[in-house]
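Read the structure below first, then the notes.
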Amino acid sequence: MSESGTIEAPAAALAVEPIPTLGQDVARGLWTDNPILVLMLGLCPTLAVTTSIRNGFSMGAATFGVLLGSNVVISLVKDFIPKQIRIPCYIVVIATFVTLADQAIAASSRELYMALGIFIKLIVVNCIILGRAEAFASRNTVWMSARDGIVMGLGFTCVLVVLGGLRELLGVGTLMGVPVTPQAFQPSLIMILPAGGFAGLALLIAGMNAINRRRSA
Amino acid sequence: MELDFSHILTLAVGAIFINNFVLARFLGLCPFIGVSKEIEPSVGMALAVTFVMTLAGTVTYFVQRLLERFGIPFMQVVAFIVVIAALVQFVEMFLQKAYPPIYSALGVYLPLITTNCAILGVAVLNVQETHNLFDTVLFSFTAAIGFGLALLLMAGIRERLDLAPVPRSFRGAPIAFVVAALLAISFMGFSGMKF
């Protein structure tokens, strides 16, 4: 960034940032700016509901829906919200979508609703959603905000599915409810308990660090 | 109203140890990982959270009664989060005016607490467990104590971890999560306690 007052400043101010391609955006959401593994946001639902692939995917889908919806709506109304009260306004928008998601899940699958528990309601305080609203949707067009929501939601859901798969496989020996491990394999129940959640996430982040280091080496 | 001490103890020990908000219920993880690098900010965060959580739990008890009175219980999420955000704002302004030294110690953590899922979590849990007013206040307070305890334990360990030879890929967040896993295992030992 050039300092203001120098000759380069006006030119830098006129320069337009290149718009990333869809592929670059997806790579951003899945890897370089992954909301959970890199930005460290939304940790509570990540650890709490990844006891199986199905639960992880459902929570990811619900968060994806709320993220997309709130990004779009906030981008639509951004010019009408006074700057000083923008955060409470964003929160109300997000809370509305969360209520919709909560009621939808409660109506469609009682079992899933019980499994996800209070974490559906806690999507409203998932820092990813408010963070993207503040950092992106409040300054960009509807289409770009929607794309950002999709890409970040995708990254979030992927991590949930991978972690859910890891914990389900090692903790119960099934994948999507289907037993896949040989008889001789004794699953360790601790993987679907809180300790296993922490350990699983630690492995994922460490794995990502190792891969990044190997790539840049 | 008679004071049933065994009931109080069950609720308190349950919230602090057996179902610790961070290590068993997975609530309040973002500040848990973010602030627990050193002991001093952890103490500030723990105190701020205790204050806000007890207050928020109590206020949302009355909000829930109001919602049910008007027949709109489904508005719980919207109402709770708006009330909590407003509450935190008021607490910040009040502390700034009335107790400046406390404000300068805790103030920086207050805006972070609004998105702390432990606050909304305790509000929703109080409703779910159908606590009366006394239980609500007690549960909110002890849940915050449990959060503070986990936070301080974590900070103490992480301060020493800074000096340990951690494998390169694990430095920073991963090793913190491994420590959290070990803490979670140790807290599992409290399950099944009866009075």
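Nothing here was measured: the structure is a model prediction, and the numbers come from that model. Each chain gets a letter, A, B and so on, in the order the sequences are listed, and its residues count up from 1.
Against chain B, no residue from residues 79-90 of chain A qualifies, as none has a non-hydrogen atom under 4.5 angstrom away.
For A:Q103, the CD atom sits in a packed shell: over 12 heavy atoms of surrounding residues, nucleotides or ligands are nearer than 6.0 Å. Heavy-atom contacts from other residues, nucleotides or ligands closer than 6.0 Å to CZ of B:R168 number 12 or fewer.
For B:Q128, the part sitting under 4.5 Å from any heavy atom of chain A is the side chain, from C-beta outward, and nothing else. Of the two parts of B:I33, only the side chain, counted from C-beta on, holds a non-hydrogen atom closer than 4.5 Å to a non-hydrogen atom of chain A. For B:M75, no part sits under 4.5 Å from any heavy atom of chain A, backbone or side chain. Contacts between B:I84 and chain A at a heavy-atom distance below 4.5 Å are absent for every atom of the residue. In this structure, the portion of A:L130 lying under 4.5 Å from any heavy atom of chain B is its side chain and not its backbone.
Contact record, A:N209 with B:R171: ND2-O, 4.4 Å, taken as the closest heavy-atom pair. Between B:M188 and A:L193 the shortest heavy-atom distance is CE-CD1, 3.7 Å. Across A:A199 and B:A181, no two heavy atoms sit closer than the pair N-CB, 3.9 Å. The minimum heavy-atom distance linking A:F198 with B:V22 is given by the pair CZ-O, 4.0 Å.
Ranked by heavy-atom pairs under 4.5 Å with chain B, the first of A:I211, A:I94, A:V124, A:I190 is A:V124.
Taking 4.5 Å as the limit, every side-chain heavy atom of B:L23 sits out of range of all side-chain heavy atoms of A:P194. Looking only at side-chain heavy atoms (C-beta outward), A:F119 and B:V124 stay at 4.5 Å or farther from each other. The shortest distance between side-chain heavy atoms of A:I91 and B:V78 does not fall below 4.5 Å. Side-chain contact check for B:V77 versus A:I123: every heavy-atom pair is 4.5 Å or farther apart.
When each of A:L43, A:L204, A:L203 is checked for a side-chain contact (heavy atoms from CB on, under 4.5 Å) with B:F177, only A:L43 meets the rule.
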